[in-house]
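Throughout, residue positions are numbered sequentially from 1 according to the sequence presented.
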Amino acid sequence: MLLTSCRVLVRVCVLLALTSLSAAAGTKTWDGRHDTSTIDVKVVYFVPQDRNALQDWRDRLDYYAERLERFHRREFQGQSKLNIQVHPEPFVSNATTQELRRGDANRIFFQTLSEVDQRLKFARGDQQAGFPILLVLSEINHRPLDDFYRLIHIDGTFRFEGVDRNGLHFPGSSRGGARATYMADRGKGWGLVSADGWRVPYLGSECVVYHEGLGHTVGLPHPEPGNGSVMSQGQYRGGLNLSWLDKDQKQRMGWKPSKGDAVSADPAFEIRALPFPQRPRPGQMVGLKLDVPEKVQVQGVRVRYQTAIDGPWIDALTVNEPQLTKVADKSSRTINVKVAAFERPTPVSYRVDIQTDKGETEIWGYLQVRDASNTAPRPGQLKSDLYEDQVTTVWQADSPPPATRIDLLEGLDIKKQFQRGEWEMKDGILRSNKAFGVRLEIPAKLPESYQITALVKPLDAANGFLLGLNRSGHRFASLVNYRAGDRTLSALENIDGQNVGNETTYQGNLLRKDQLSQVVVKVSPEGVRVSVDGRQIIRWEGKPEQMSLGDYWSTPDASAVFIGAYDCRYQIHRLTLEAN
């Protein structure tokens, strides 16, 4: 998750001393304290008092349960067994949506999990067979968001809020609020996946559910450096079948490599189903491309879709093996099937049931039909959860006010801004060219305390990415992933007149070519903190007068924000400013 909404809440220090593990002992939690050779997961669908449960909620939870079990079996090859039990009824909270949203994302996490844990008397006594995990899939997000349309509504305007990569949608809204904690002292785990992470089946939704529900709840951290594994950037790659658990993480838990091929043990799990075209227009036929592993024979396909989160599932195609040759384009490893043409811009969820000679599998997915302007579809009737002003009234005097978030890319006319290099804005994504000292000035009024969040993707071997900022009238830059010979450095510059190499310097690769990463810079009267993909790399406390910006990166407006790139092309998918 960019990893934007994922947080790990740890009640005890679990990473100091690792208990020795033996093959006979089976797998353990990350700190070695608890046996995970069997893991018992209780999955609960959480609905606020003022909401209605989805009619097909059980289908959705059962889908994730099956995918998680198959992935876990593939990765641990039977050395850790996963038992998932779905609570038979929606869990209706005693609190309303507004009451749950009073406070920050940590508060809603603890309030939600505490209520479910206490009312269900979760993992009480000594009768638990395996390591107990309570995994709650919530009907709501931390803040208002229409997760089916992927929109927020502020000041009378719609804004797209989500990760869209060339028409493929991945979870990662800043309004989600997914959380997890491993409680070593109590011998159990808690996980919360907010609506953005599961209700709508984006490509990486399965990864989010496993990441929070089965990863952090047994103490697994984000791997360093980041990669495409399920505990890192897997949610931005695709489904669980394209992800993995790092071998060294599994071995630390006590897993032993097996001689068998884990993937070949369940080849039907490896099938993919992606829409084509990825950005369909109204009236254009939408199809699905099924990528099938070698030696797997498809014997039947059923396709259904819906155009509203609470709407019916419509049958688009049901065929058996002899009929496939008549309705599908087939090659040695792909099957292309037609779904439907949609007359207007609309979100579409789809589900595909596939029967093969190696077993059955089900795949859910999501796409958006957009008009010629490529504008995200708008709902015909607004729902209350889209209104920001409807939740601002619930904040109490003893609760911190919600942060004001400004999208710095929205409405930005780059032709009117100072720039060096070549910049372009296309489909809401800002792009730079590859050159030295490339930069673009962005007008913004910076408060005394604020946070800048950038969602970026290097298109070349990652080199310096900069955010030019200001602290109490003193300009400085946050430099990430600057290559200096065989080293990769990040730092604040300048500190006491010294650029990279000063006391704030962090060494290590943080950004990867063609991978999205989140860079967060928090500025306050006390100092500056920089995090990349949820990992804090810089924490500096000092006087504003110690900070400066070298002439090399200067821009005309000393109060403006700027984006800089050094010998690397970058895509900037999101750039937001929040007052703290």
Side-chain heavy-atom pair V520, Q451 within 4.5 angstrom cut-off: yes
Quick one: do D164 and R370 satisfy side chain to side chain contact (heavy atoms under 4.5 Å, CB included)? Show the steps, please. CA-CA 13 Å; D164 176 357; R370 297 186 174 187; 3.3 Å; yes
Using only heavy-atom distances, determine whether the side chains of S229 and N227 contain a donor-acceptor pair under 3.5 Å. yes
Just verifying a value: how many Å separate R179 CZ and T112 OG1, rounded to the nearest 0.5 Å? 11.5 Å
Any carboxylate oxygen within less than 4.0 angstrom of a Lys/Arg side-chain nitrogen, looking at D407 and R159? no
Set out, in order, the CA-CA distance, both residues' side-chain angles and the distance that settles side chain to side chain contact (heavy atoms under 4.5 Å, CB included) for Y63 and D56, then state yes or no. CA-CA 11 Å; Y63 170 71; D56 59 359; over 6 Å; no
Establish, from distance only, whether the side-chain atoms of S174 and E161 form a donor-acceptor pair under 3.5 Å. yes
Is D514 salt-bridged to R165, going by a charged N under 4.0 Å from an acidic O? no
Could you check whether S93 and Q49, counting side-chain N and O atoms only, form a donor-acceptor pair closer than 3.5 Å? no
Heavy atoms of other groups near Q284 CD, more than 12 under 6.0 Å: yes
Looking at V286 and P280, what are the two nearest heavy atoms and their distance? CG2-CB, 3.7 Å
Is E410 atom CD crowded by more than 12 heavy atoms from other residues, nucleotides or ligands, each under 6.0 Å away? yes
For Y149 and Q368, does a side-chain donor sit closer than 3.5 Å to a side-chain acceptor? no
Rounded to the nearest 0.5 Å, how far apart are CH2 of W423 and CE of M425? 10.0 Å
How about Q233 and H222: do any of their side-chain heavy atoms sit closer than 4.5 Å? no
ring-ring contact (aromatic ring centres under 6.0 Å, His included) with W364: which of W313, Y64, Y350, Y202? W313
Taking all non-hydrogen atoms of both residues into account, name the closest pair between I140 and P48 and its distance. CG2-CG, 3.6 Å
If we count only N and O atoms by modelled type, under 3.5 Å, do the side chains of W57 and D59 hold a donor and an acceptor together? no
If you define the side chain from C-beta out and look only at heavy atoms, does anything of R199 sit under 4.5 Å from L54? yes
For salt bridge (charged side-chain N to carboxylate O under 4.0 Å, His left out), just list the numbers for R74 and E270, CA-CA rounded to whole Å, side-chain angles, deciding distance to a tenth of an Å, and then say yes or no. CA-CA 11 Å; R74 186 190 78 180; E270 307 304 322; 3.1 Å; yes
Just by distance, no angles: are the side chains of H87 and E89 close enough, under 3.5 Å, to form a donor-acceptor pair? no
Taken to the nearest 0.5 Å, the spacing of I442 CD1 from Q419 CD works out to 10.5 Å
Could you tell me whether R67 and D62 have a side-chain N and a carboxylate O separated by less than 4.0 Å? no
For P267 and V296, the nearest pair of non-hydrogen atoms, with its separation, is CB-CG2, 3.6 Å
T361 versus T356: any side-chain heavy-atom pair under 4.5 Å? no
Restricting to non-hydrogen atoms, name the atom on G226 and the atom on S232 that form the minimum distance, rounded to 0.1 Å. CA-OG, 3.4 Å
Are any side-chain N or O atoms of E75 and backbone N or O atoms of L245, one a donor and one an acceptor, separated by less than 3.5 Å? yes
At what distance, to the nearest 0.5 angstrom, does OG of S194 lie from CZ of F46? 12.5 Å
For a 4.5 angstrom cut-off between non-hydrogen side-chain atoms, does Q306 reach V348? no
Quick check: does any side chain N or O of D353 sit under 3.5 Å from a backbone N or O of E362, one acting as donor and the other as acceptor? no
With V298, the side chain to side chain contact (heavy atoms under 4.5 Å, CB included) member among N320, L290, V319, V292: V292
Can you measure from CG (L455) to CG (L575) and round to the nearest 0.5 angstrom? 10.0 Å
Looking only at side chains, do E139 and Y45 share a donor and an acceptor under 3.5 Å apart? yes
Applying side chain to side chain contact (heavy atoms under 4.5 Å, CB included) to L288 and N336, what does each step give before you reach the verdict? CA-CA 6 Å; L288 292 176; N336 297 331; over 6 Å; no
Does the side chain of H169 come under 3.5 Å of the side chain of R150 through a donor N or O and an acceptor N or O? yes
Is a side-chain donor-acceptor pair under 3.5 Å present for E99 with T97? no
If you look at every heavy atom in G238 and C207, which pair is closest and at what distance? O-SG, 3.3 Å
Do F76 and H72 make the cut of ring centroids closer than 6.0 angstrom? yes
Is the backbone of L317 close enough, under 3.5 Å, to the side chain of D315 for a donor and an acceptor to pair up by distance? no
Checking R281 against V369 for the side chain to side chain contact (heavy atoms under 4.5 Å, CB included) test, could you report, in this order, the C-alpha distance in whole Å, the side-chain angles of both residues, the deciding distance, and whether it holds? CA-CA 5 Å; R281 301 282 178 84; V369 178; 5.7 Å; no
Quick check against the 3.5 Å criterion: does D413 have a side-chain atom that pairs as donor or acceptor with the backbone of K415? yes
Between D50 and T96 (side chain of the first, backbone of the second, donor and acceptor by atom type, cut-off under 3.5 Å), is there such a pair? no
Do the numbers put R60 on top of the ring of W198, so that NZ or CZ is under 6.0 Å from the six-membered ring centre and no more than 45° off the axis? no
Should R175 and D196 be marked as a salt bridge (charged side-chain N to carboxylate O under 4.0 Å, His left out) after you check the CA-CA gap, both sets of side-chain angles, and the distance that decides it? CA-CA 8 Å; R175 300 194 167 203; D196 172 68; over 6 Å; no
Quick one, L135 and V193 - any side-chain contact, counting heavy atoms below 4.5 Å? yes
Enter the distance from L459:CG to C568:SG here, rounded to the nearest 0.5 Å. 7.0 Å
Within the distance-only criterion (no hydrogens, no angle test), does the side chain of S205 pair as donor or acceptor with the backbone N or O of V200 below 3.5 angstrom? yes
Using a strict 4.0 Å threshold on nitrogen-to-oxygen distance, state whether E69 and R73 make a salt bridge. no
For T334 and D291, which I'm curious about, is there any donor-acceptor pair between the side chains at under 3.5 Å? no
Is the shortest heavy-atom distance from the side chain of T307 to the side chain of F342 under 4.5 Å? yes
Of all heavy-atom pairs linking L511 and P458, the shortest is CB-CG, 4.2 Å
Heavy atoms, side chains only, cut-off 4.5 Å: are V44 and K42 in contact? yes
Return yes if some donor-acceptor pair links the side-chain N/O of S432 with the main-chain N/O of Y570 below 3.5 Å, else return no. yes
State whether the side chain of R378 and the backbone N or O of A376 hold a donor-acceptor pair below 3.5 Å, judged by distance alone. yes
Y305 ring center near Y366 ring center (under 6.0 Å): no
Can you tell me if E424 has over 12 outside heavy atoms packed within less than 6.0 Å of its CD? yes
